[in-house]
Amino acid sequence: MQHPLYDSLRNKLITITLVVSLTPLIILGGIVYYQFEKMYREKIVEQIRYRAQSQAEAVDLFFRKRSALLGIMADTSDYLKISDESYLSRVFQIINFRQGNFVDMGVIDHAGIHQAYIGPYNLRGRNYGEQPWFNEALSRGLYISDVYTGFRNLPHFIIAVRGHENSHPWILRATIDSEVFENIVRSAQVGKTGDAYIVNRSGIYQTRPRYGGDILGQSPVTPETFAGSTTTVWEQRNLYGKTVLYAGCWLKSLPWLLIVSQEVREEMESLFATQYLEFAIMGLGILAIILTTVFTTRLTIRHLIANEIRMNEMNAQLIQSDKLAALGKMAAGVAHEINNPLAVILQKTGWMSDLLLEEEFQSSKNMEEFKNAIVKIETHVDRAKKVVRNMLGYARKMEPHLEDVDINDTIRQTIALLENYARTNNIDIETNLAEDLPIIAADQAQLQQVFLNLISNAIDAIGKDGRVVVATTRSSTHIRVDVSDNGPGIPESKLKRIFDPFFTTKEAGKGTGLGLWVSYSIIEKMGGTISVKSEAEKGAVFTVAIPILLPEKK
Amino acid sequence: MAAYRILVVDDEQDFLETLVNRLIKRKFKAVGALSGEEALSKMKTGLFDAVILDVKMPGGMDGIEALREMKKIQPSAEVLLLTGHGSIETSIEGVKLGAFDYLLKPVRLEELLEKLSLAFEKKDLQVD
């Protein structure tokens, strides 16, 4: 049964359930995702900040160690001795052995002349008197240069420390292996997109970055924006349009800025994985909720509809029995009132017949007509009398007369009464009787009347050539009798009225329309039920359920 | 043989008159009464061989009550009860109280005469 009311109810139920269950799920999912992302972002920012900071410390340590080494040499060495290249060579070897990473080493006198040099280039005798770094080293005592190419045309940088010999200052100068330094800086880079490099105050690369730029090239970083000693973390798009997270930290030894960078995407990879997992779980959850909601709602609606159908059937049954009871009372009343006039009519026609016998009428030429008319009137009064008698008989309230009844036996007796009638119409009456039926307390005459009605109706319905099957079965509470025929069946429009009084499917004059009504009343009074099922061209089945009422023990 | 005397009791005048006339035509001495009371007073003044009594008479004395009284006044009169189908139980009670038999209304005169002749037979036997 499809009904717009149920459609809208179903839609409402589904909508409400989905809204109520999905809203918190989605809100919760959003909050969890937002919080998790925030936490994760904080964590990676902290991580990169820490990396930049610790790497800056490592680089600072590198400079401090080398400055200290050179300082000790300068402070403890005699100028004459150290400007001797063989001695310098020994010192160079020892320092490189102990700490390493120096490419060359030289001693420069107070005038700026390179007096001694150990290294791969020919730099002895060169004059640095005019170079700013020389003067700065002289005045400050320690100088670490930016990266430059200089006489050797290769990027490098130097550490210069000042020594004293009889109030004449001199300079011990060493070049740092750029490669080695670069490796130290680079050890802070992680993953596929991580980078670590150093820029000077003007934003010039002091080490080679991994991506997009070369040593001594201009970096996109503007170091002026990094104030103070704290490590700054920021995000910006790189040359390839990727969002990159940067952390910058000034070195303590010299005005260089160490920068560690990482593409946000790479850093967030595990977050994205978690995100996909969350989406997948949420998606599955939503799907499960939708399916469950639709399924349970449909189930509920189906139950509601089934219930309504059952209620309607029960109501229809109630209405039917009420209607029949009311009709029964009315029929009884009407029949009684008709009886008296019928009695008078019968007496009056009788009186007319009596009078016609007298001589004066014998000569009347219409004598025969009168007689015929009287006979006709009497015939029809008889007919009316029969109807009224049936009605009165069936409507009267008589307590059923209880006796021990064997249903199977009653059916066999009834069939014996009808066998002749059936045989003349070439109709077989078959029985399929359950042998374990109990003897019950019932009114045998009334039951016989019911079976007689049902079986003779079945025979009449078939007309000629066919089969009537009478079957009995038992349940724990009822004995069930099915009377089925292979006649033309009862149209659906007539099924509903089949138990109404005066309703007949037989030809006019052949049935009173009282048989089934009477049967219905009898069975109902016994506390049983009688019902019919029929399909066009497939015959009809009348089913009587008689309650098992066991006879009292005698 | 003298004609049998019959008292017909019915509250329906048309029915009563016709039946009485038809009985008279058949050589019975028939008399009608429209109520139980009238019937009883007629029985006090004259003897009857048979009474045809309608069981159901609205207003006044009902058939069973009249029957009881009749049996007191003239126990020898055979009473035939006329009844509708709805009052069969009453009629059976009537038979137990001494009525000869009952007939279902509306009844053909032939049936009634048959029953009457049976009643007279019984009565004659008792007299003999």
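In what follows, every chain begins at residue 1, and chains take the letters A, B, ... in the order their sequences are listed.
- For B/Phe100, the ring-ring contact (aromatic ring centres under 6.0 Å, His included) test picks out no residue, with sequence neighbours left out.
- Note on B/Asp14, B/Leu19, B/Asn21: by heavy-atom pairs under 4.5 Å with chain A, the leading option is B/Asn21.
- Taking CG of A/Asn339 as the reference point, atom CG of B/Leu82 lies at 11.0 Å (rounded to 0.5 Å).
- The interface of residues 22-48 of chain B with chain A, defined by heavy-atom distances below 4.5 Å, comprises B/Arg22, B/Lys25, B/Arg26.
- In this structure, OG1 on B/Thr18 lies 10.0 Å from CG on A/Asp354, to the nearest 0.5 angstrom.
- Against chain A, no residue from residues 63-71 of chain B qualifies, as none has a non-hydrogen atom under 4.5 angstrom away.
- Looking only at side-chain heavy atoms (C-beta outward), B/Arg108 and A/Asp382 come within less than 4.5 Å of each other.
- The minimum heavy-atom distance between A/Ala343 and B/Pro106, with the atom names listed, is CA-CB, 3.3 Å.
- Looking at A/Gln347, its side chain does come within 3.5 Å of a backbone N or O of B/Val107 through a donor-acceptor pair.
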Compile the donor-acceptor pairs under 3.5 Å between side chains in residues 360-373 of chain A and protein atoms, sequence neighbours left out, one pair per line.
unit_1, atom_1, unit_2, atom_2, d
A/Gln362, NE2, A/Leu356, O, 3.2
A/Gln362, NE2, A/Leu357, O, 3.0
A/Ser364, OG, A/Asn366, N, 3.2

